[in-house]
Protein chains: 2
Amino acid sequence: MLVEDDLNLGFLLVEFLELKGFSVKLYRDGQTAFTGFQNGHFDFCILDVMLPKMDGFTLAKKIKILNAQIPVIFLTARSLKEDKMKGYEIGVDDYITKPFDEDELLYKIHAILNRSKLPKFSEESIFQIGLFRFDFQNQQLEMDGQKRRLTERESSLLKMLCLNKNNVIRREQILTAIWGDNDYFAGRSLDVFISKLRKYFSPDPSISIENVPKVGFILQDNS
Amino acid sequence: MLVEDDLNLGFLLVEFLELKGFSVKLYRDGQTAFTGFQNGHFDFCILDVMLPKMDGFTLAKKIKILNAQIPVIFLTARSLKEDKMKGYEIGVDDYITKPFDEDELLYKIHAILNRSKLPKFSEESIFQIGLFRFDFQNQQLEMDGQKRRLTERESSLLKMLCLNKNNVIRREQILTAIWGDNDYFAGRSLDVFISKLRKYFSPDPSISIENVPKVGFILQDNS
DNA sequence: CGGCATGTTAACGCGATGTTAATAAAATGC
DNA sequence: GCATTTTATTAACATCGCGTTAACATGCCG
């Protein structure tokens, strides 16, 4: 969950974090953010301090009542001492002072997620695809209790497809990300792996990996 | 544990922290601090970055090998980005830039201690694995009253596998944690120990240590 | 029709791992 | 101190399976 009223900065951050593999939901004020938190499922919050409708401290306090464990990071333009104090009392995990460095934010996120290791893994890396459950951390694909262990390449590829479920991913994007190279042979190798994944998913006809000629592939889930 | 070569600052901090109810031990260089860590029992470390004999980063890394869970805060005069990055990679929990505010330090300490309250793994040293009971403290593996004493390496490795039961644990993670080195030979040594553990567990077919090629191992318990 | 992209299956090579034994190092006993 | 035992590393050889590559089939578009 990201709450930021400066939409320019907000979208920039969403873009950056999604690039890094996170799934991000952006809210622009404290009120709707809180409603969103009640309904949705979040692992992690980044809140601006100054927000319309409800300020960041109040929001954090209300969120912590619902879920005391959830990590919260504050974005703040002010580096005032009393603000920080107030935050630490509520149980805020960290501060980042604007203007901040994106990499620093990323490291803080990882540091905090690592600390709360157990809750993270339970949710973060498991994808539901039709009747299948794909556990990326454990490279496992499960359906009806039938488990199949995937190879490293298979699971990297499937993860990329999942993160872009129902959207096209370009061949070159996959190739540079996984093979680090997009020559002819890497391309053929990719096709072989797509073929393997299709076979694994063949028991569920509502799942398909479709080819978009000359462009890439789509993982379609019509369940 | 407090490590600070500027003794004026050091004693000031000790005084302050003891006033706040902590029991503090001060070291003035990285070398003696590490020796002290090996012998004593600490819940929490505050390290200066610039230290005689051994710098703060190296010290933190060595401490984290002995106890990956222990919280570490760095004191640093420099607020340089690359320093922070380096720290977060090691798994440092927070930074405080000198000159700092004592109350801020106190709040950070409380924030971090609150966080690490739940995962008090340090004490939980008995694991149930299928029909076996593994007592890490006593390096003992028991089944049907049959006790077998494990070697140090065997039990360290088994503990790591247990903490990640039914989850993949990466080779490199094991190697850096136990062998402190992940070259070719350490890797082969790991394989030898995996082989030994498998033999010990062979009486119970519902336990298996599976290999995930190129990635690591997973202790599967289907009992 | 012919070229090009993709689908699929099979074979191959090589690196990673499994296992046992030999050697070195360290701890223990006396 | 020396002998014995225990532990960890290194070596040596066997095996496995991942990913690549090849080979052939299919379909699309000019």
Side-chain angles (χ1 to χ4, degrees), chain A residues 138-141 147-161 168-203 205 207-220, chain B residues 65 136 138-141 147-161 168-202 207-220:
Chain A
N138 293 319
Q139 302 186 188
Q140 222 171 39
L141 189 62
K147 291 175 187 174
R148 176 198 295 276
R149 173 138 289 126
L150 302 183
T151 72
E152 201 184 13
R153 280 269 195 290
E154 287 168 352
S155 57
S156 310
L157 175 56
L158 182 52
K159 185 190 180 191
M160 288 196 75
L161 289 167
V168 180
I169 324 183
R170 326 199 96 255
R171 286 182 76 88
E172 48 168 342
Q173 193 186 338
I174 300 174
L175 289 170
T176 51
I178 300 182
W179 274 263
D181 196 6
N182 68 342
D183 60 3
Y184 170 78
F185 291 113
R188 294 321 329 272
S189 212
L190 167 58
D191 292 324
V192 170
F193 279 92
I194 289 286
S195 179
K196 285 179 183 167
L197 289 182
R198 282 190 180 124
K199 200 179 285 179
Y200 300 160
F201 283 113
S202 58
I207 306 301
S208 61
I209 301 177
E210 286 170 26
N211 172 249
V212 181
K214 306 267 289 172
V215 180
F217 296 93
I218 305 185
L219 173 63
Q220 286 280 4
Chain B
I65 288 170
F136 173 69
N138 297 318
Q139 304 190 4
Q140 220 171 39
L141 188 63
K147 290 177 186 175
R148 174 199 295 277
R149 170 135 287 125
L150 301 183
T151 73
E152 197 184 7
R153 280 271 194 285
E154 287 169 350
S155 56
S156 310
L157 175 56
L158 183 52
K159 184 190 180 192
M160 289 196 76
L161 290 167
V168 175
I169 178 165
R170 321 200 108 255
R171 287 181 74 88
E172 46 169 342
Q173 195 186 338
I174 300 174
L175 290 170
T176 51
I178 300 181
W179 275 263
D181 196 6
N182 69 343
D183 60 3
Y184 171 77
F185 292 113
R188 293 323 327 272
S189 210
L190 167 58
D191 292 324
V192 171
F193 279 93
I194 289 286
S195 181
K196 286 178 183 170
L197 290 181
R198 281 193 181 121
K199 202 177 285 178
Y200 300 160
F201 284 112
S202 58
I207 306 299
S208 62
I209 301 177
E210 286 173 26
N211 171 249
V212 181
K214 303 266 291 172
V215 179
F217 296 93
I218 174 170
L219 173 64
Q220 285 280 4

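What's counted below: heavy atoms across the whole structure, side chains too, no hydrogens, waters or symmetry copies. By convention in this document, chain letters (A, B, ...) are assigned in the order of the sequence lines, proteins followed by strands, and residues within each chain are numbered from 1.
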Measure [atom1]/[X] against [atom2]/[N] and give the value in whole Å, please.
{"X": "A/R170", "N": "C/dA5", "atom1": "CZ", "atom2": "C1'", "result": "15 Å"}
{"X": "A/D183", "N": "D/dA22", "atom1": "CG", "atom2": "P", "result": "12 Å"}
{"X": "B/L157", "N": "D/dA8", "atom1": "CG", "atom2": "C1'", "result": "13 Å"}
{"X": "B/L150", "N": "D/dT7", "atom1": "CG", "atom2": "C1'", "result": "13 Å"}
{"X": "B/I174", "N": "D/dA8", "atom1": "CD1", "atom2": "C1'", "result": "17 Å"}
{"X": "A/L190", "N": "D/dT21", "atom1": "CG", "atom2": "P", "result": "14 Å"}
{"X": "B/Q139", "N": "C/dA27", "atom1": "CD", "atom2": "C1'", "result": "14 Å"}

Can you give one letter per nucleotide of nucleotides 6-19 of chain C, going 5' to 3': B for a protein heavy atom under 4.0 Å from the base, S for sugar-phosphate only, - for none? BBBB------SBBB

Heavy-atom closest contact ([X] atom, [Y] atom, distance):
{"X": "A/R149", "Y": "B/E210", "answer": "NH1-OE1, 2.8 Å"}
{"X": "A/N138", "Y": "B/V168", "answer": "OD1-N, 2.7 Å"}
{"X": "B/L150", "Y": "B/Y200", "answer": "CD2-CE1, 3.7 Å"}
{"X": "B/E154", "Y": "B/T151", "answer": "OE1-N, 2.8 Å"}
{"X": "A/E152", "Y": "A/Q139", "answer": "N-NE2, 3.7 Å"}
{"X": "B/K199", "Y": "B/S202", "answer": "O-OG, 2.6 Å"}

Would you tell me if any nitrogen or oxygen in the side chain of [X] comes within less than 4.0 Å of OP1 or OP2 on [N]?
{"X": "A/T151", "N": "D/dG17", "answer": "no"}
{"X": "A/W179", "N": "D/dT20", "answer": "yes"}
{"X": "A/S189", "N": "D/dT20", "answer": "yes"}

So what does B/E152 hit on the nucleic acid, given a heavy-atom distance under 4.0 Å: a base, only sugar-phosphate, or nothing?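 Touches sugar-phosphate only.
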
Which comes earlier along DNA chain D counting from the 5' end, the contact point of B/R153 or that of A/E154, where each point is its nearest nucleotide?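 In this pair, the answer is B/R153.
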
Just by modelled atom types, is the A/G216 backbone N or O under 3.5 Å from a matching donor or acceptor in the A/N211 side chain?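 Yes, the answer is positive, given that a donor and an acceptor are paired below the 3.5 Å cut-off.
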
